[in-house]
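First the structure, in the form of structure tokens, and then the observations on it.
These numbers were taken from a predicted model, which means no experiment stands behind them.
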Amino acid sequence: MANASGLISPTPTTSLRLRISTRFGISRSGFCCSVRDAKRVFRCGSAAVEGGTDEAAPPKPLPQRLVTRGAKLIGCGSAVPELSVSNHDLAQIVETSDEWIFARTGIRNRRVLSGGETLTGLAVEAAKNALDMAQVEPDDVDVILMCTSTPDDLFGNGAMVQGDLGCRNAWASDITAACSGFVSGILKATGLIRGLGLKNVLVIGADALSRYVDWRDRGTCILFGDAAGAVLVQACDMEDDGLFGFDMHSDGEGHKNLNATLTTEEHAILSKTNGSPSFPPHRSSYSCIQMNGQEVFRFAVRCVPPSIEKSLELAGIKSSSIDWLLLHQANQRIIDSVATRLEIPGGRVISNLANYGNTSAGSIPLALDEYVRAGKVKVGDTIAMAGFGAGLTWGSAIVRWG
């Protein structure tokens, strides 16, 4: 298991006009940082790794750097397919009912790609909406981060989106982290702005998991939908910085509980195989989503609350001070359980799961966009967001909108 925790900016109650001295080090458990000589302890499994006290070699600090610029979230957008599939529709395919699905998941409907729709098209539409809200021209975008596990092309979707958007000056890259992808993208965007002096980074979360659902499997086909969401992250002065603290984890041992693995198809053996019975390789494809629902549920309710609590601690604020809790929209029971653990009332919990189902990397920006455009999330609101899912990966960030 590996983790990384860090403080992106000083606490909101501290003057942000100060020049913050940040040291970075590397330990066995991952990257670690100290802000204004604050002590950091990282945990790998059950063992704490601090400095060189573990059996691993002491950390090798990188050169000291001064953080003099911040990053803020200023525009959002989303897009969903036209086709809506209800629980009643699924009841015609598998043995289930609207009542059974809703009671266990909180889902009523989900959107599914159909006809000529593509994930690229959804991503482009969401990105255009985000740029319009942010009042940023395509040529002013420096980087596009496409967070997806289901690209239209094996080699990724980032460059395709960049071309269709007309962002001629932007570099595009893909991030594959499933339901944690969007949170990962926000953190990477902030790092690019701070570390490379970039101005505008477009983060897109988009997935089309309907392509990998076994529609005969009642345990998974009821859960997933397709969607895209986007947020424009922009450079700003430190006093306007919008990312306060974060916490990220991975546990590859949990891969067995949620995956869509590579499979091969048998075909006729060629008469000439260059002396190797395994050449040429068999044609490959990915399996349908395989999930141990009970284990994934336990993982989420066990790991997500401590991650948010760690981010809040690093940000220097209490859960009672945040305006909104925004979780990956996987299951309403998970959302309710985390909110209860953090003592956040239902009126401050963002949820649109009932209408869209689990849209993987698209779920957080999709929900955020709906609440911003409805006037619920306002400029200056503090949001605790968290993603969790396949990998297993999970992570959280404390951000300010606008």
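- No side-chain donor-acceptor contact under 3.5 Å links T359 to the backbone of A227.
- Between G185 and L145, the shortest heavy-atom distance links the atoms O-CD1, 3.5 Å.
- Between D241 and R194, at least one side-chain N (NZ, or NE/NH1/NH2) sits under 4.0 Å from a carboxylate O, which counts as a salt bridge.
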Next on the checklist: Pair C221, I93 - check side-chain contact (heavy atoms from CB on, under 4.5 Å), show working.
Outcome noted: CA-CA 10 Å; C221 75; I93 302 174; over 6 Å; no
Next on the checklist: For L368 and L326: C-alpha separation, side-chain torsions, deciding distance, then whether side-chain contact (heavy atoms from CB on, under 4.5 Å) applies.
Outcome noted: CA-CA 8 Å; L368 175 63; L326 174 53; 3.9 Å; yes
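- Residue pairs satisfying the side chain to side chain donor-acceptor pair (under 3.5 Å) criterion with at least one member in residues 288-305, sequence neighbours excluded, are listed as follows: E295-R298.
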Checklist entry - So I398 and I383, side-chain contact (heavy atoms from CB on, under 4.5 Å) or not? Walk me through it. => result CA-CA 6 Å; I398 311 301; I383 303 169; over 6 Å; no
Checklist entry - side-chain contact (heavy atoms from CB on, under 4.5 Å) between F224 and I289: does it pass, once the steps are laid out? => result CA-CA 10 Å; F224 299 104; I289 296 170; 4.0 Å; yes
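- Rounding to the nearest 0.5 Å gives a distance of 12.0 Å between OG1 of T105 and CD of Q329.
- Salt-bridge annotation for R373 and D369: present, with a side-chain N of the basic residue lying under 4.0 Å from a carboxylate O of the acidic one.
- The minimum heavy-atom distance linking A367 with N352 is given by the pair CA-ND2, 3.5 Å.
- Applying the salt bridge (charged side-chain N to carboxylate O under 4.0 Å, His left out) definition to pairs two or more places apart or across chains, those involving residues 135-153 are D139-R168, D152-R211.
- Remark: the backbone N or O of C303 is not paired with any side-chain donor or acceptor of S307 at under 3.5 angstrom.
- Each salt bridge (charged side-chain N to carboxylate O under 4.0 Å, His left out) pair with one or both residues in residues 339-356, not counting sequence neighbours, appears once here: E309-R341.
- There is a side-chain donor-acceptor pair under 3.5 Å between D207 and T148.
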Checklist entry - What do the steps show when you test S210 against D226 for side chain to side chain donor-acceptor pair (under 3.5 Å), and what is the final call? => result CA-CA 7 Å; S210 65; D226 306 334; 2.6 Å; yes
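- Because its NZ or CZ atom is both nearer than 6.0 Å to the ring centre of F297 and within 45° of the ring axis, R333 counts as a cation-pi partner of that residue.
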Next on the checklist: Could you walk me through whether R110 and N87 satisfy the side chain to side chain donor-acceptor pair (under 3.5 Å) test, starting with their C-alpha distance in whole Å, then the side-chain angles of each, then the deciding distance to 0.1 Å, before giving a yes or no?
Outcome noted: CA-CA 9 Å; R110 70 281 297 146; N87 291 345; 3.0 Å; yes
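- Pairs of residues two or more places apart, or lying in two chains, that qualify as side chain to side chain donor-acceptor pair (under 3.5 Å) and include a residue from residues 169-185 are S180-T393.
- Checked against side-chain contact (heavy atoms from CB on, under 4.5 Å), K378 has the following partners two or more places apart in sequence or in another chain: D381.
- For the residue pair S311 and D247, the shortest heavy atom distance occurs at OG-N, 3.3 Å.
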Next on the checklist: What verdict does the side chain to side chain donor-acceptor pair (under 3.5 Å) test give for E370 and S78, after you've listed the backbone C-alpha separation in whole Å, the side-chain angles of each residue and the deciding distance to 0.1 Å?
Outcome noted: CA-CA 8 Å; E370 285 202 345; S78 61; 6.0 Å; no
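- Scanning for side-chain contact (heavy atoms from CB on, under 4.5 Å) contacts around A79 gives L122, E125, A126, with sequence neighbours left out.
- F102 carries R108 over the face of its six-membered ring, with the cationic atom under 6.0 Å from the centre and within 45° of the normal.
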